[in-house]
Amino acid sequence: MNLVWYRNDLRIHAHRALQEALQAEGPVTAVYFICEDQWDSHGVAPLRRWYVLHSLNELGEQLAQRGITLHVVDAGDFSQVPQKLASLVREHGVERIFCTREYPLNERRRDEAVAAEMDKQGVAIRGFDDSVLVPPTTLRTGKGTPYTVFSAYKKRWDVWLEQHFSIPGLPGSMAAKSAKFAGKAVVDKALDRVSVPASLTDLWTPGEQAAAQQLEYFVGRHLGQYRKHRDFPSLTATSSLSAALSAGTLSPASCFHAARQAMSDAGARDGAACWIGELAWRDFYRQIMAQYPRLSWGRAFRPETDLLEWDNDDDLFQAWCEGRTGYPLVDAAMRQLVATGWMHNRLRMVTAMFLSKHLWQDWRRGEDFFMQHLIDGDFAANNGGWQWSASTGTDAVPYFRVFNPVRQSQRFDAEGKFIAYWVPELKALDNKTIHEPWKQPLLVPDYPAPIVPHAGVRERVTESFKGAKQAYDQLQGVDA
DNA sequence: TGGTGGTTTGA
DNA sequence: CAAACCACC
């Protein structure tokens, strides 16, 4: 018997683990472990749990139609997985296990513990790197170190894919026989334990089929304009595929394949190339996560920045969470996040930079808050994005990026449409005042004044980072 | 995947 | 006098 162990790869298409299992000798079965304690300890958003569990139900049905039984097991946290897997293996006479690799430390330790347990029983495990396009340790600099600067990584990434990319097709040998989806009751019980309002779930459709449709729609309708439009949050211009990619209901290979096909149309080339760049960012942060375990310990990529002394003022943090900082674009973005479980990419940068630089809060607070609300909450991408914004991460530049929240607002929501939608208190303001409502205080009695001034932020941040660097160099015994 | 404050350019 | 351009942070 061959076992496909599903994790964040809840699909049938472009899935080497499933394909290989089908090509191996003997029948195939599948398993998923629900680890709610793991979700709890990482503050996984209820909406994301809902997405995952419903996608799991669809996967179970799809597998059953192809003669494969999906077992679903409540496992609490990762530490219980080896034993529970071992009993499943004994029960079904499993000889080989197939899975898609995951890279954060907890996941790798879980997999190592499982491998050790399975080794005792003579069961082989094979992992496949299908959650990325380029496997994490493939590309190295001339010195043999991981790439930590995106632009250099991207060049090699392009070349490697040019030479090596192939998309795994739908499994060919899947017979049209049927099996029973054994896990449905367990999934439904877990769904009963998820509390998420209909106002949120109404906005999303879980599952592999919806993800495939969304990809088709995006590529056909918006990909060509992606480069031009993607930074404007009032437009429907981005893919909205982040939830599907992070739960694995959609494969990055399908995305890459579709985008590359679209590039043969000259009008779509620019947009497609730009979007492929976003897939590269996704791989980039995953390979960073895989090769720098300290990120999984909650530490900064740049060690000296762990010496920064954040204010962590609770009132300011709360104002940020609730979208009442007095900076319209920041507030609109935060309200979008809480109301929809999603935030536009540019606004993730704007709000993250505002929390870390203007409010001088530990970026980990923001990272946690995002995880608690995002339907696409993905450890590597979220952590990478937060550290980039907080200037504690990769892609070092010799100065500190501090977005001006008013300038960003004027540039990317020039007409104030996005602000007007999410901050209706401001919807009557003209498209100049709406970015700086404090200039017309009488018109906006219900909207707060800026909770911190923009002036001086850059200087403070620069000084603090300089201080942290000096302190770190001293600790290291290096002359500064 | 910037911002700022300066200087130059050109209607 | 406002974009466009530039150096520096």
Side-chain angles (χ1 to χ4, degrees), chain A residues 147-155 157-158 222-223 225-235 237-239 241-242 259 270-286 288 301-302 304-305 327 329-330 333 342-360 363 366-367 370 376 378 380-414 418 432 435-436 450 452-470:
Chain A
Y147 280 99
T148 60
V149 175
F150 176 74
S151 54
Y153 175 78
K154 172 67 161 56
K155 280 184 192 147
W157 185 89
D158 283 332
H222 296 296
L223 183 65
Q225 298 298 306
Y226 182 75
R227 188 194 295 275
K228 279 190 168 57
H229 290 171
R230 67 181 188 128
D231 271 324
F232 300 98
S234 67
L235 302 177
T238 59
S239 72
L241 290 169
S242 53
D270 255 24
C274 184
W275 191 57
I276 286 173
E278 298 304 303
L279 296 172
W281 274 105
R282 192 174 167 280
D283 276 17
F284 177 69
Y285 283 138
R286 275 172 149 71
I288 291 286
F301 177 79
R302 293 170 59 182
E304 74 275 16
T305 63
Y327 287 91
L329 188 64
V330 172
W342 185 85
M343 191 194 288
H344 187 279
N345 178 254
R346 172 146 297 273
L347 301 180
R348 296 190 195 199
M349 297 189 277
V350 170
T351 54
M353 205 157 309
F354 187 83
L355 184 76
S356 56
K357 305 283 170 57
H358 288 73
L359 302 185
W360 200 240
W363 52 272
E367 181 193 14
F370 270 32
D376 59 48
D378 175 274
N382 192 43
N383 181 277
W386 269 95
Q387 295 219 45
W388 183 88
S389 298
S391 304
T392 67
T394 53
D395 221 35
V397 280
Y399 51 85
F400 297 93
R401 272 181 268 240
V402 178
F403 282 0
N404 179 331
V406 176
R407 243 179 101 75
Q408 290 282 313
S409 188
Q410 291 162 338
R411 279 174 66 189
F412 298 115
D413 190 30
F418 184 80
K432 288 216 187 324
H435 307 294
E436 320 174 76
V452 295
H454 172 68
V457 167
R458 155 190 295 278
E459 292 73 11
R460 174 181 186 180
V461 169
T462 307
E463 281 309 303
S464 301
F465 273 76
K466 205 183 287 173
K469 174 78 174 129
Q470 277 169 6

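Lettering follows sequence order; numbering is per chain, from 1.
The interatomic distance linking A:K357 (NZ) with C:dC9 (C1') rounds to 13 Å, in whole Å. Rounded to whole Å, atom C1' of B:dG3 lies 11 Å from atom CD of A:E459. If you take CZ of A:F354 and P of B:dG3, they are 14 Å apart, rounded to a whole angstrom. Atom CZ in A:R407 sits about 11 Å away from atom P in B:dG5, given to the nearest Å.
Within the structure, a side-chain polar atom (N or O) of A:N404 is placed less than 4.0 Å from OP1 or OP2 of B:dT4. Distances shown here put every side-chain N or O of A:R458 at or beyond 4.0 Å from the OP1 or OP2 atom of B:dG3. Remark: A:H454 is in phosphate contact with B:dT4, judged by side-chain N or O atoms under 4.0 Å from OP1 or OP2.
Taking the side chain as every heavy atom from C-beta outward, A:Y327 and A:V350 never approach each other to under 4.5 Å. Between A:R346 and A:F403, some side-chain heavy-atom pair lies under the 4.5 Å cut-off. Looking at heavy atoms from C-beta onward, A:R230 lies in side-chain contact with A:E278 at the 4.5 angstrom threshold. The closest side-chain heavy-atom distance from A:F232 to A:T238 is not below 4.5 Å. A:F150 has its side chain out of reach of A:T394: every pair of non-hydrogen atoms, C-beta onward, lies at least 4.5 Å apart. By the 4.5 Å heavy-atom criterion applied to side chains, A:F370 and A:T351 are counted as neighbours. Between A:L347 and A:F412 there is no side-chain heavy-atom pair separated by less than 4.5 Å.
A:R411 comes within contact range of the sugar-phosphate backbone alone, with a heavy-atom separation under 4.0 Å but no base atom that close.
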Using a cutoff of under 3.5 Å, can you pull out all pairs of nitrogen or oxygen atoms linking the protein to nucleotides 1-8 of chain C, with atom names and distances?
none

Reading DNA chain B 5' to 3', what string of ( ), [ ], | and . shows its pairs, if Watson-Crick and G-U wobble pairs count only when both distances fall under 3.5 Å?
-> .|||||||||.

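A salt bridge links A:K466 with A:E463; the closest basic N to acidic carboxylate O contact falls under 4.0 Å. Residues A:R286 and A:D378 are paired through a salt bridge, judged by an N-O separation under 4.0 Å between the basic side chain and the carboxylate.
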